[in-house]
Structures are given as structure tokens and as C-alpha cells.
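Below is one structure, written out as C-alpha cells; comments come after it.
Lettering follows sequence order; numbering is per chain, from 1.
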Amino acid sequence: MKIATWNVNSVRARLPRVVDWIESRQPDVLCLQEIKCLDEQFPREVFEDLGYRVATFGQKTYNGVAILSKQNIEDVFRGLPGETQDAHKRVIGAQIGDTLLLNLYVVNGERVGSDKYAFKMQWMQRVADFVRERYDMKEKVVLCGDFNVTFDDRDVYDPEAWREKILCSTEERKALAKIQEAGLTDAFRHFNQEGGHYTWWDFRTRGFERGQGLRIDHFLMSQAALAATKGIEIDKRARGGEKPSDHAPVVADLE
DNA sequence: ATGGTGGGTTCCCCA
């Protein structure tokens, strides 16, 4: 079973690219982040015609997450416990087969020390609490999405330039480790120890053209899920070409 | 120290 995660930076703007990618890669599950539309604006039929079930948690203009799956999507939940109607739409979870899937779009945080950064820290703590309470790590648990945090300097093209900057600060990395504490492993790193593998490149600095990226899109897996995983691949090719997202898709290949 | 580009909305926000 191929599970993919992709921050598409607007599903409507990216629709031709997403459809092309699905047709060539045929993932069984595709978790989308930053769909940037309401549920009723989501191009559901396009994906249904490609053979997918669709579960969305949309928001106008910002954020929004969705799960596409060839198999039944069961026990869908949207958001974190206790959230009000106006909360950011950043979380959708479900069971697909025997896999417990959680698709996340972590808060960006703007700048270390900003209000948005404080909100990011708070939000990540809530995710950590939720994950610990909700999941039995003896199950096949797969968290994926745009985590907006690098694990270490291997995930950063210029570690000195990014030292203690947003996406790379020690505090953010500790918050990410807290989410993992329940028993979740960085699946990409399990298979590949080298640095220089990135999932996001800034539009503004022409980062992709310069080879300047960060690895911020991740799969966090329980031991049972990791044991079933044959490999993880970043599809860097999808970051090139016409009207790309600023993120590349990441694909986990499970038994 | 700042800005760059791209997506979506509305005279600007977010990444």
C-alpha cells in the first residue's frame, strides 16, 4: 500500500498537477495539506472519477486537509479535541484497512518569537497530547503531513544560515520530539541517513533552482507501521515543471 | 537587515 503526503498549496490551483501525479504514481492513499478551500469547493468528483474515496476538512483561503483513498475511509475525525468552529482546519484522521492515519498541517510559525510562533508551540503540544491519548502504539499508526519543522541539520541546506530560525529552532525540534515520544519514528531517516534530502523549497528565493531546501514533510510511524514499510521516497520531480507546489510529495511504501 | 514569488481575497493576508 502506497501512502503519500503532499502540501499542494491550493488544490484548485494545483489540480492538473495533482491529477497527473496520481495517474503516474497511483498511490493507494494521498494526504493533502493546504487545500485552501471549503469542503463544497473541493474537486471531489475529479478524484472520485480516478477511483478514490474523499474525506475533507476544508477552510476558506487558508489551511485545510484532505484524505483520498482507494480503500474505504473509516472512523473519520476532523480537528483536535475541544476545538471551536473558527479553529484552523489542520487535522484529519481516519482508519484505512488496519492503518490508523493522521494527516497534519502544522502551524508555520512565521518567525521565532512571534505570536504565530507561540501559537505553533501551543498547537504542537496539543497534537502531542492528543496522539498520546488517542493511539495504541501497538497498532499500525502513521502520522504524515507538513510538520513545518526539520529534525536536525541534515534536513537543512545551510544549517548555519538557519540556526535557531523558524522551521529549525531547538524549541520546535523538541516539540516535534514530544509528538514522537508516544513511540513514533521518522520513517524517512530510518531508511536514509544522508543529509541533502528536502521536501520544500522557497518560491521567493528560487530555492528549488538553487538546490536550497528543507525537509519538513514527514512520516512518523509506530514500530508496527515501520516494520511493514519497505521504503520512503521524496518525489523531487513533482517540484519541477509548470506551476508546481513549493512542496514535493513524499511516498511511503507499505506491505 | 530585507526581500524575493505564489495563492487567495479584497484594497492585504499567509506561506
After noting the C-alpha distance and the side-chain angles of A:H218 and A:F151, does the key distance pass the ring-ring contact (aromatic ring centres under 6.0 Å, His included) rule? CA-CA 10 Å; A:H218 305 304; A:F151 284 97; 4.4 Å; yes

Would you say the rings of A:F219 and A:F191 are close, in the sense that their centroids are separated by under 6.0 Å? no

Rounded distance in Å between the P positions of B:dG3 and B:dC13: 15 Å

A:R173 and its salt bridge (charged side-chain N to carboxylate O under 4.0 Å, His left out) partner, picked from A:D186, A:D152, A:D153: A:D153

With C1' as the reference atom in both, quote the distance from B:dG4 to B:dA15 in angstrom, rounded to an integer. 13 Å

Using a cut-off of less than 4.0 Å, is there contact between a side-chain N or O of A:R204 and OP1 or OP2 of B:dG6? no

Determine the contact category for A:R90: base if any of its heavy atoms lies under 4.0 Å from a base atom, sugar-phosphate if only primed atoms, P, OP1 or OP2 are that close, otherwise nothing. sugar-phosphate

DNA chain B-proximal residues of residues 205-215 of chain A, any heavy atom under 4.0 Å: A:T205, A:R206

If you check the A:T61 side chain, which of B:dG7, B:dT9, B:dA15 turns out closest? B:dT9

Taking 4.0 Å as the cut-off, does a side-chain nitrogen or oxygen of A:K243 come that near to OP1 or OP2 on B:dG7? yes

Check each residue of residues 158-170 of chain A for a non-hydrogen atom within less than 4.0 Å of any atom in DNA chain B, then write out the ones that pass by number, or none. none

P atoms of B:dT9 and B:dC14, separation to the nearest Å: 14 Å

With nearest nucleotides of DNA chain B determined for A:K116 and A:F203 from heavy-atom distances, which residue corresponds to the more 5′ nucleotide? A:F203

d(A:F119 CZ, A:H88 NE2) to nearest 0.5 Å is 5.0 Å

Rounded to the Å, how far apart are A:W6 CH2 and B:dG7 C1'? 15 Å

Could you grab the distance from atom NZ of A:K60 to atom NZ of A:K89, nearest 0.5 Å is fine? 13.0 Å

Students often mix this up, so state it plainly: with edges at 30° and 60°, are the rings of A:W162 and A:Y157 parallel, tilted or perpendicular? perpendicular

Angle class for the A:W201/A:F208 ring planes (parallel below 30°, perpendicular above 60°, tilted otherwise)? perpendicular

Verify ring-ring contact (aromatic ring centres under 6.0 Å, His included) between A:F147 and A:Y105, making sure each step is shown before the conclusion. CA-CA 6 Å; A:F147 284 76; A:Y105 174 45; over 10 Å; no

Using side chain to side chain contact (heavy atoms under 4.5 Å, CB included) as the criterion, point out the one residue from A:K116, A:M124, A:Q122 that pairs with A:K120. A:M124

